[in-house]
Amino acid sequence: MAIKTFTTGEVLTAADTNTYLANSGLVYITGGTQSGSAALNADGVFTSTYLNYRLELTAVEQSVANNAVRFNFRSGGSTNFNNTYEYAYRGLRTNGTSGDTSAATTFAEIGIYMATYANTMLGSAAIDIQGPQAAQTSFGLVNAIGYEGGVYQMRNGGFVYNDVTSFDGFRISLSGSGNIAFKWQLYGYRKA
Amino acid sequence: MIETFYDATTDTTIQRELTAEEIASLPELEQNEE
């Protein structure tokens, strides 16, 4: 998108508004409310329109305690469970204790671990997903909140899919059995 | 095992049983992992 500098007295037209305001910044793609089943599989959400994305997961609630939330990429309707994911997080709980976690495995955790379950114990994550649809290594930069040890836990870190693969979707699931409920919104970073 | 599938091309969300192939592809679940 070209940059336009407005001058004193200049009239802002409808075309200016549509071009320079409505289409700027993060552009909402899709979202929804997940509940009552073990995983969300979203397909066709990463396209060539955007290179980078923001995924917001809010009010994350689980039906069973001691579960971490996992992220996988999907392509063509299938989940990629290759042993090519790496993730690492620094964790700090609100009582001052630490809760780091890391692994190289068949999924990426996104920093949300819920050690108990109740509708008052909710998790959250904001993930910047870089280059999922492009033929490049994909990254996820994560800020998340979970509940562990009787207190909330903040985690900061990220994950990498350490291979050059093009994806069109993602999967959010639990590390163990049980249901997960959350709200999700996916945005694209406008390229130009 | 029922999961939710969202298809952006048709903007539809369905819940369905996983196929045997999909179940076989799932990694092992690890409760109490942290």
Side-chain angles (χ1 to χ4, degrees), chain A residues 29-47 62 64-68 70 72 74 77-83 85 89 91 99-101 103 105-107 109 112-115 146 148-149 153 168-181 184 186, chain B:
Chain A
I29 297 172
T30 189
T33 300
Q34 166 73 4
S35 65
S37 63
L40 168 68
N41 301 274
D43 293 319
V45 295
F46 301 138
T47 65
Q62 299 174 182
V64 177
N66 301 320
N67 267 323
R70 294 175 173 178
N72 282 85
R74 286 172 61 84
S78 296
T79 304
N80 184 300
F81 291 116
N82 289 357
N83 190 14
Y85 298 83
Y89 296 95
D100 299 344
T101 188
T105 183
T106 58
F107 54 84
E109 287 195 5
I112 302 175
Y113 182 81
M114 304 299 280
E148 185 166 354
Q153 171 173 266
D168 65 29
F170 65 88
R171 170 186 172 88
I172 300 293
S173 62
L174 289 179
S175 60
S177 60
N179 293 338
I180 181 172
W184 63 284
L186 183 70
Chain B
M1 184 184 294
I2 296 174
E3 293 195 354
T4 300
F5 292 81
Y6 171 75
D7 182 353
T9 57
T10 57
D11 193 25
T12 55
T13 300
I14 63 166
Q15 292 195 336
R16 64 166 173 80
E17 288 277 353
L18 293 186
T19 65
E21 187 178 45
E22 286 171 333
I23 292 173
S25 74
L26 293 175
E28 196 169 325
L29 298 179
E30 305 162 351
Q31 213 133 11
N32 307 310
E33 69 176 29
E34 294 192 21

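Convention: sequence-line order gives letters A, B, ...; per-chain numbering from 1.
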Distance from F170(A) atom CZ to Y6(B) atom OH, nearest 0.5 Å? 9.5 Å
Would you say Q15(B) has more than 12 foreign heavy atoms packed within less than 6.0 Å of its CD? yes
Between L186(A) and chain B, with a heavy-atom cut-off of 4.5 Å, which part of the residue counts as in contact: side chain, backbone, both or neither? neither
Quick check for you: to the nearest 0.5 Å, what is the distance between T4(B) atom OG1 and I180(A) atom CD1? 11.0 Å
Can you name the salt bridge (Lys or Arg N to Asp or Glu O under 4.0 Å) partners of D168(A), sequence neighbours left out? none
Work out which heavy atom in A8(B) is nearest to a heavy atom in G44(A); give both atom names and the distance. CB-O, 3.2 Å
Could you note down all residue pairs passing salt bridge (Lys or Arg N to Asp or Glu O under 4.0 Å) where residues 171-180 of chain A supplies at least one of them, sequence neighbours left out? R171(A)-E3(B)
Give, as side chain, backbone, both or neither, the part of L26(B) having an atom under 4.5 angstrom from any heavy atom of chain A. both
List the atom of F81(A), the atom of S25(B), and the distance in Å for their closest heavy-atom pair. CD1-O, 3.2 Å
State, yes or no, whether a side-chain contact exists between R70(A) and P27(B) at a heavy-atom distance under 4.5 Å. yes
So for S173(A), is it side chain, backbone, both, or neither that comes closer than 4.5 Å to the heavy atoms of chain B? neither
Find the distance between CZ (F5(B)) and CG (D43(A)) and round it off to the nearest 0.5 Å. 8.0 Å
